[in-house]
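To start, the structure under review is shown below, and the notes come after it.
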Amino acid sequence: MKDTVIQLLEAAIAALQAEGVLPQDQAFKLNVDSTRDKAHGDFATNIALVTAKAAGKPPRQLADLLIEKLPESSAVAKVEIAGPGFINFFMSDASSFDIVNTVRSAADGFGLNNSGAGESVQIEFVSANPTGPLHVGHGRGAAIGDCLARLLEANGYKVTREFYYNDAGAQIDNLALSVQARIKGISPDDDLWPKDGYRGDYIQDAANAYLEKATVTADDREVTAKGDADDLAAIKDFAVAYLRREQDLDLKAFGVKFDVYFLESSLYNEGKVEKTVEALNANGFTYEKDNALWLKTTEFGDDKDRVMRKSDGGYTYFLPDVAYHLDKWQRGFSTVINEQGADHHSTVTRVRAGLQALKAGIPEGWPDYVLHQMVLVTRSGQEVKLSKRAGSYVTLRDLIDEVGRDATRFFLAARRVDSQLTFDIDLARSQTNENPVYYIQYAHARICSVLRKLQELGVDINAADFGSDLSGLALDEEREIANQLARYPELIANAARQREPHHLTHYLRELAGLFHTYYNAHKVLIDDTAVRDSRVALYLAVKQVLVNGLDLIGVSAPEEM
RNA sequence: GCGCCCGUAGCUCAGCUGGAUAGAGCAAUGGCCUUCUAAGCCAUGGGUCGCAGGUUCGAGUCCUGCCGGGCGCGCCA
């Protein structure tokens with residue numbers, strides 16, 4: 001519908017350019033907005049204000065000329081000039097309500113577009129090291145990353161979801177020592193407990209499983225425990241698998257799946273770390289100092305150079321990171337999005353600097369980053385800091401167990417990524433209108449309830465032409481709902497392009513609100529079957545968009561509540 | 001000290017590439033269930049958009065400075 005307005009305006013602009021009123025050698029950025037105030041019609045454009053200077057005419061006069069040149073269209077009922085020179089478009093009812101048929105015929109496909117044209121995009125998220133269960137911060141990353149992936153798919157991209165983790169290195173040694181200590185019956189408060197060991201109860205669980213010679217299966221590996229308390233390598237191998245499985249269970253409970261699990265160790269095993277060092281050396285961006293090898297990241301905007309090989313010969317995490325991203329590039333992903341906690345934001349400059357230093361033809365500013373801010377969990381107004389299982393933080397599983405998957409996903413995706421998020425457990429658990437998840441789901445359930453009643457009346461809503469006649473729609477509430485439905489495709493495009501999944505949750509809250517208002521004000525199961533069927537058609541369209549939108553967040557649409 | 005992010009109603013937050021009198025929910029107050037699910041709806045009040053400048057036809061939105069909060073500033077990840 002908005003496209004119609006844009007086309008009309010483009011024609012009018014072209015006409016004025018042909019007459020020399022507007023300069024011909026200049027492209028004008030056409031801005032058409034949905035109006036906030038109904039008094040301003042359905043759509044408004046500021047084009048007359050923007051082009052007034054170039055035309056050398058007052059905005060309102062220019063608006064007049066533009067309106068004269070607008071082609072006739074049955075979609076537009078009225079056009080007005082308002083304020084300093086806005087042009088307001090009032091759409092005809094037939095045109096406004098046509099969206100209902102559009103939604104119903106597109107069904108699950110409504111809102112999708114193919115702007116991605118099948119381009120491969122990789123999104124890396126969560127990427128937690130296998131040293132403990134996932135915490136709320138990972139949960140926020142999972143909710144955002146997966147929602148973003150779904151949004152990109154909705155825009156026609158081919159998305160690879162990737163999880164990278166460190167399965168070697170100091171943290172993993174630390175994990176192995178912690179599990180070994182537990183195997184030997186040493187507790188965190190004993191003198192023999194390893195320095196900086198992991199103290200959570202899950203370490204004891206892993207130790208028990210090891211002693212029982214358990215077999216654990218994770219998405220990317222399967223390991224059977226040896227049971228030998230002195231074989232540290234075997235313990236390490238088992239502990240990693242054990243915690244990978246724990247994280248898999250967390251992710252499964254959350255409804256998130258990955259296509260690729262990428263191991264840091266593979267970069268070493270396949271010589272990719274070495275090759276990266278060689279390339280950086282060859283390009284002259286490295287130097288030795290204090291027995292360490294440094295990369296001149298300052299030449300690419302960093303505030304200090306970074307150590308890539310430590311004086312003990314080992315590499316810092318930074319170098320494998322560069323090798324990993326080179327690998328992503330070589331796999332052909334021209335668009336890569338890294339979703340991470342903002343506490344790691346300093347890696348952004350560093351990794352990009354390393355990639356530039358490789359001179360591998362990687363564009364500056366590649367890859368993209370989506371950094372989410374911290375999550376604070378509250379209960380009864382008090383900050384919750386501890387988990388029994390993990391000891392020092394709130395786990396994702398705790399949250400899912402307590403408030404449910406739907407509410408957890410919704411809440412963690414509902415805020416702008418760059419503002420801190422307060423997760424209010426009481427709110428997420430509450431079953432009232434203060435909880436947006438239930439509010440939206442309830443709208444869907446209400447619609448389903450009405451449809452069941454219709455079926456009892458013997459009405460076949462699946463009949464080919466059921467509700468195709470929309471002449472029964474005429475109410476303001478119906479118009480508002482139709483306009484909201486019409487906004488959905490643009491929302492899907494914007495949310496993906498801007499990498500801002502939270503728009504979806506707000507949109508759905510608004511749509512549900514409009515529906516509840518309508519539902520309470522006007523009955524749908526009335527004797528006038530013509531009007532009734534038109535209204536049911538609108539219900540079906542709302543239901544469809546709720547389903548489509550909730551699916552993009554990974555939240556269910558229950559038929560009964 | 002330096003870098004990144006945030007500061008909008010009592011609370012939690014929206015505000016789309018600058019656009020018309022700044023929005024929603026909760027909380028507060030007062031209403032609505034023999035009627036399709038009250039997990040809902042309606043009405044009312046509530047704001048110097050942290051502060052001060054600047055850019056322009058127009059600034060919550062862009063620029064600069066300051067104040068306040070978070071995160072980072074490792075040969076950890």
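Rounded to a whole Å, the CD1 atom of Ile47(A) is 18 Å from the P atom of U17(B). With rounding to whole Å, Arg532(A) atom CZ is found 20 Å from U35(B) atom P. The distance between atom CZ of Arg309(A) and atom P of G74(B), rounded to the nearest whole Å, is 21 Å. Nucleotide G72(B) holds its P atom 17 Å from the CG atom of Asp418(A), rounded to whole Å. Atom P of nucleotide C42(B) and atom OH of Tyr519(A) are separated by 14 Å, given to the nearest angstrom. Per the geometry, CZ belonging to Arg415(A) stands 11 Å off C1' belonging to C26(B), to the nearest Å. Rounded to whole Å, the distance from CG on Leu421(A) to C1' on G69(B) is 16 Å. Rounded to whole Å, atom P of C13(B) lies 9 Å from atom CG of Leu376(A).
In this structure, Thr517(A) reaches the C42(B) phosphate: one of its side-chain N or O atoms is under 4.0 Å from OP1 or OP2. Note on His40(A): every side-chain N or O is 4.0 Å or more away from OP1 and OP2 of G19(B). Considering only side-chain N and O atoms, Arg509(A) lies nowhere under 4.0 angstrom from the phosphate OP1 or OP2 of C13(B). For U12(B), neither phosphate oxygen OP1 nor OP2 lies less than 4.0 angstrom from any side-chain nitrogen or oxygen of His502(A). A sub-4.0 Å separation between OP1 or OP2 of C75(B) and a side-chain N or O of Lys289(A) is absent. Lys304(A) has a side-chain polar atom (N or O) that falls below the 4.0 Å cut-off from OP1 or OP2 of G74(B). Between Tyr439(A) and C41(B), a side-chain N or O to OP1/OP2 separation shorter than 4.0 Å is present. OP1 or OP2 of C16(B) has not a single side-chain nitrogen or oxygen of Gln498(A) nearer than 4.0 Å. Thr422(A) has a side-chain polar atom (N or O) that falls below the 4.0 Å cut-off from OP1 or OP2 of C13(B).
Across all strands shown, Ser449(A) has heavy atoms under 4.0 Å from base atoms, whether or not it also approaches the sugar-phosphate. Among the atoms of the strands shown, base atoms are found under 4.0 Å from some heavy atom of His345(A). Ala52(A) comes within 4.0 angstrom of no nucleic acid atom, judged by non-hydrogen atoms across all strands. Using a 4.0 Å heavy-atom distance criterion, Asp424(A) is classed as making no nucleic acid contact. The residue Glu559(A) sits close to a base: some heavy atom pair falls under 4.0 Å. Using a 4.0 Å heavy-atom criterion, one finds that Asn46(A) contacts the bases of the nucleic acid, with or without backbone contacts as well. Here Thr316(A) lies in heavy-atom contact (under 4.0 Å) with sugar-phosphate atoms only. Among the heavy atoms of the strands lying under 4.0 Å from Arg416(A) are primed sugar atoms or P, OP1, OP2 only; no base atom is included. The residue Lys453(A) sits close only to the backbone: its heavy atoms come under 4.0 Å of sugar-phosphate atoms, none of a base. Residue Ala170(A) is classed as having no contact, given no heavy-atom separation below 4.0 Å to the nucleic acid. Counting any heavy atom pair closer than 4.0 Å across all strands shown, Val437(A) reaches no nucleic acid atom. Residue Ala521(A) is out of contact with every strand shown, counting any heavy-atom pair closer than 4.0 Å. Heavy atoms of His522(A) sit under 4.0 angstrom from at least one base atom. Among the heavy atoms of the strands, none lies under 4.0 Å from Asn291(A).
Comparing atom distances between the Tyr317(A) side chain and each of A38(B), C75(B), C76(B) picks out C76(B) as nearest. Taking only side-chain atoms of Lys523(A), from C-beta outward, the nucleotide of U35(B), A39(B), A14(B) with the closest atom is U35(B). The side chain of His503(A) approaches A14(B) more closely than any other nucleotide in the set G72(B), A14(B), C36(B).
Residue Glu339(A) is tested with Arg140(A), Glu124(A), His372(A) for a side chain to side chain contact (heavy atoms under 4.5 Å, CB included); the sole match is His372(A).
Within a 6.0 Å sphere centred on CD of Gln382(A), heavy atoms belonging to other residues, nucleotides or ligands number 12 at most. Environment of CD in Glu364(A): sparse, with no more than 12 heavy atoms of neighbouring residues, nucleotides or ligands closer than 6.0 Å. Within a 6.0 Å radius of CG in Asn291(A), other residues, nucleotides and ligands contribute 12 heavy atoms or fewer.
A distance of 11.0 Å separates OH in Tyr198(A) from CG in Leu177(A), rounded to the nearest 0.5 Å.
A side-chain donor-acceptor contact under 3.5 Å links Asn483(A) and Asp42(A). Arg487(A) and Gln484(A) are linked by a side-chain donor-acceptor pair at a separation below 3.5 angstrom, with hydrogens and angles left out of the test. A side-chain donor-acceptor contact under 3.5 Å links Glu264(A) and Asn166(A).
Taking for each of Asp33(A) and Leu427(A) the nucleotide of RNA chain B with the nearest heavy atom, the 5'-most of the two is the partner of Leu427(A). Of the two residues contacting RNA chain B, namely His344(A) and Phe86(A), the nearest-nucleotide position lying further toward the 5' end is that of Phe86(A).
Secondary-structure stems of RNA chain B, taken as three or more successive Watson-Crick or G-U wobble pairs (i with j, i+1 with j-1) under a 3.5 Å distance threshold, comprise B:1-7 with B:67-73, B:10-13 with B:23-26, B:28-32 with B:40-44, B:50-54 with B:62-66.
Checked against the 6.0 Å centroid threshold, His345(A) and Tyr369(A) do not count as a close aromatic pair.
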For Thr286(A) and Arg309(A): C-alpha separation, side-chain torsions, deciding distance, then whether side-chain contact (heavy atoms from CB on, under 4.5 Å) applies.
CA-CA 10 Å; Thr286(A) 62; Arg309(A) 191 173 60 219; over 6 Å; no

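Between the Thr297(A) side chain and the Lys304(A) main chain, a donor and an acceptor come within less than 3.5 Å of each other. Judged purely by atom type and a 3.5 angstrom limit, His138(A) uses its side chain to pair as donor or acceptor with the backbone of His135(A). When atom types are taken as modelled, the side chain of Asp426(A) and the backbone of Arg379(A) share no donor-acceptor pair closer than 3.5 angstrom.
One can find a donor-acceptor pair under 3.5 Å joining the base of A20(B) and the side-chain atoms of Asn88(A).
Annotation: proximity of residues 318-328 of chain A to RNA chain B (heavy atom, distance under 4.0 Å) is found for no residue.
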